[in-house]
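So that the names make sense, note that chain A is the first sequence line, chain B the second, and so on, each numbered from 1.
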2 protein chains.
Amino acid sequence: MNHKTKPLPSKLHLSPLARRSLAGDAVTRIRRAIIEGELAAEDALTEDQLAAKLGVSRVPVREALIELEQEGLVEFDARGRSRVRAFTEDDFEEVFSMRYSLEVMAARVVAKRLTQDDVQDLEAMICQQAATKDLTELSLLDVAFHDRIIQAARHRPLAVCWETIRSQIEVWLARAHRAQSKMKLSSIELTVPGHRRLLADLRSGNERKAENAMRLEMATWREWLPA
Amino acid sequence: MNHKTKPLPSKLHLSPLARRSLAGDAVTRIRRAIIEGELAAEDALTEDQLAAKLGVSRVPVREALIELEQEGLVEFDARGRSRVRAFTEDDFEEVFSMRYSLEVMAARVVAKRLTQDDVQDLEAMICQQAATKDLTELSLLDVAFHDRIIQAARHRPLAVCWETIRSQIEVWLARAHRAQSKMKLSSIELTVPGHRRLLADLRSGNERKAENAMRLEMATWREWLPA
DNA sequence: GGTTCGTTTATTGTATACAGTGCGCGTACC
DNA sequence: GGTACGCGCACTGTATACAATAAACGAACC
């Protein structure tokens, strides 16, 4: 033991060192702008213009664009120019089929690893969902619920893969809401019992059961799809 | 039609516009160094030092490190310092379980989309494998084979997910070879017929058949694993 | 002697400056 | 009128310079 400074109240847990960098903020803000539709498909993302709008230099913007490319929100052409990616309905089909595979895998993994904390969190989230009457809010809670399941899997490559499609799912959701899509009101009544059943099967510890429950959950989502 | 320049020999297909940038080269070279073990686990990746070694400035290096983080080869600590990620055996277990899910999905997708070109390429690759007597070379050809299958799926999110684990697979392979691992010579005799069977089932157009063939292929790989 | 405080140093984060490049537009020439 | 050439503009790619911060070391004080 080299340094023996005073032991510092052990309960006190400070903010988790959020690596606050302009580049990180830029990622968040540009991502949000794309999801909200503030930046439209095919819009040219000129580094100078973005930098000016964000009040920073081009460097953080460049780094942000690289990350957003990985999330599938931004595209670079052969000359290095970036633009907001234009999603076709087929693109979303692909994203959701990817989601299907990832979540089924997550269910399988989670079945063996679910902790008491996970269960408590998930139950609390279901209660929150039950209290909601707004479809937009519900869909956000739903994504958060699935986020939490992925987190519960404690499986790094899975989490990384999930992050490559998460934003695209949000793009679709936001777009669907703006378009007053066909998401039915009945969804509210379906979501909560669906999640309860899913959680029950995840808790069973039975991988097959968990997988199948997730397949069912994904199938109900499937109906909300564009085409 | 705005400009009507002369029609330029249609067969002539130039190099695919490889976006040659120092940043891109840096990604390639640092990745290679990590895979080959030239940069060892936990090694600090100082931007200045890397820049000096590569003969460029820090900017391309920074951008390269961001990309390599997404490939799982590089880690950043809370203060922004990067280092070569240290893989545990559990990490590799996770990577290969992820690979399993992705490839099974790929098989399912490919079953419906395989073209004549795909088949020709894959067959040619199998022949190449059959001609090889070197285990290291064979494992590279094997990865290339699976790469080609992913490509044949023509499924963007799948390809992106695959790229998040591909380098890590290569790390494991290179490490295993350096350690004179338990990869058996019999692998050579097993690989080629295995791939032939797999290709046959991918061509069948039957999703279930294709999935199961891939599960089998993955299971044989499984034996080469560390633990 | 050990602890604490300043100073130095190493390294990242950000800004700015500069170089290179393709594209559009105008112009001249046929 | 159309085609080819050349110039300028709008961007990106890269380098360099500067600011900020935390670790490392050392010195002074108890």
Side-chain angles (χ1 to χ4, degrees), chain A residues 1-8 14-30 39 42-70 73-85, chain B residues 1-9 14-31 33 39-40 42-70 73-85:
Chain A
M1 297 302 121
N2 223 339
H3 52 135
K4 198 184 304 188
T5 40
K6 75 204 55 172
L8 189 67
L14 303 178
S15 69
L17 281 180
R19 184 181 159 204
R20 198 152 267 312
S21 69
L22 296 187
D25 294 353
V27 172
T28 306
R29 292 180 59 182
I30 298 172
L39 286 168
E42 302 285 7
D43 272 3
L45 295 173
T46 313
E47 294 173 3
D48 271 331
Q49 291 177 14
L50 282 176
K53 277 203 199 291
L54 296 175
V56 298
S57 81
R58 276 176 53 210
V59 179
V61 173
R62 280 178 69 83
E63 299 184 355
L65 290 176
I66 293 174
E67 295 201 27
L68 290 169
E69 184 197 18
Q70 274 289 326
L73 298 189
V74 167
E75 270 180 345
F76 285 86
D77 65 19
R79 252 198 311 150
R81 297 170 125 86
S82 54
R83 59 174 181 280
V84 179
R85 185 168 154 212
Chain B
M1 299 302 119
N2 224 338
H3 54 134
K4 198 184 304 188
T5 40
K6 74 202 56 169
L8 188 68
L14 302 179
S15 68
L17 281 181
R19 183 181 158 206
R20 197 150 267 310
S21 70
L22 295 187
D25 293 354
V27 173
T28 306
R29 292 180 59 184
I30 299 173
R31 180 198 293 126
L39 287 169
E42 303 284 7
D43 272 3
L45 295 172
T46 312
E47 295 174 1
D48 270 332
Q49 291 177 15
L50 281 177
K53 277 203 200 293
L54 296 174
V56 300
S57 80
R58 276 176 53 211
V59 179
V61 173
R62 281 179 68 83
E63 299 184 355
L65 291 176
I66 293 174
E67 294 201 28
L68 290 169
E69 184 197 18
Q70 287 168 347
L73 298 188
V74 166
E75 268 180 347
F76 286 86
D77 65 19
R79 252 199 310 150
R81 298 170 124 86
S82 54
R83 60 174 180 279
V84 178
R85 182 164 156 216

Could you check if a side-chain atom of [X] sits within less than 4.5 angstrom of a side-chain atom of [Y], using non-hydrogen atoms only?
X: B:V27; Y: B:L68; result: yes
X: A:I66; Y: A:Q70; result: no
X: A:V56; Y: A:D25; result: no
X: B:I30; Y: B:L54; result: yes

Grab the N/O contacts between the protein and nucleotides 8-11 of chain C below 3.5 Å, and write none if there aren't any.
from   : atom 1 : to    : atom 2 : distance (Å)
C:dT11 : O4'    : B:R81 : NH2    : 3.4

| Interatomic distance, A:L45 atom CG to A:E75 atom CD [nearest 0.5 angstrom] |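 It comes to 10.5 Å.
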| Nearest 0.5 Å, what's the CZ-CG distance between B:R62 and B:L50? |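 Answer for the CZ-CG pair, B:R62 versus B:L50, is 12.5 Å.
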| field | Reference residue A:E47; test salt bridge (Lys or Arg N to Asp or Glu O under 4.0 Å); the match among A:K53, A:R58, A:R83 | value |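 When salt bridge (Lys or Arg N to Asp or Glu O under 4.0 Å) is applied between A:E47 and each of A:K53, A:R58, A:R83, only A:R58 qualifies.
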| request: Please list, chain by chain and in numerical order, all residues satisfying side-chain hydrogen bond (donor to acceptor under 3.5 Å, both in side chains) with A:R81, sequence neighbours excluded. | output: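 Expected list: none.
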N/O to N/O distances under 3.5 Å, protein versus nucleotides 15-24 of chain C:
from   : atom 1 : to    : atom 2 : distance (Å)
C:dA15 : OP2    : A:S57 : N      : 2.6
C:dA15 : OP2    : A:S57 : OG     : 2.8

| task | Could you tell me the separation between the CG atom of B:D77 and the C1' atom of D:dA23, rounded to a whole number of Å? | result |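 In whole Å, D:dA23 C1' and B:D77 CG are 12 Å from each other.
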| message | Distance check needed: D:dG13 C1' versus A:F76 CZ, whole Å only. | response |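 Atom-to-atom, A:F76 to D:dG13, this comes out as 12 Å.
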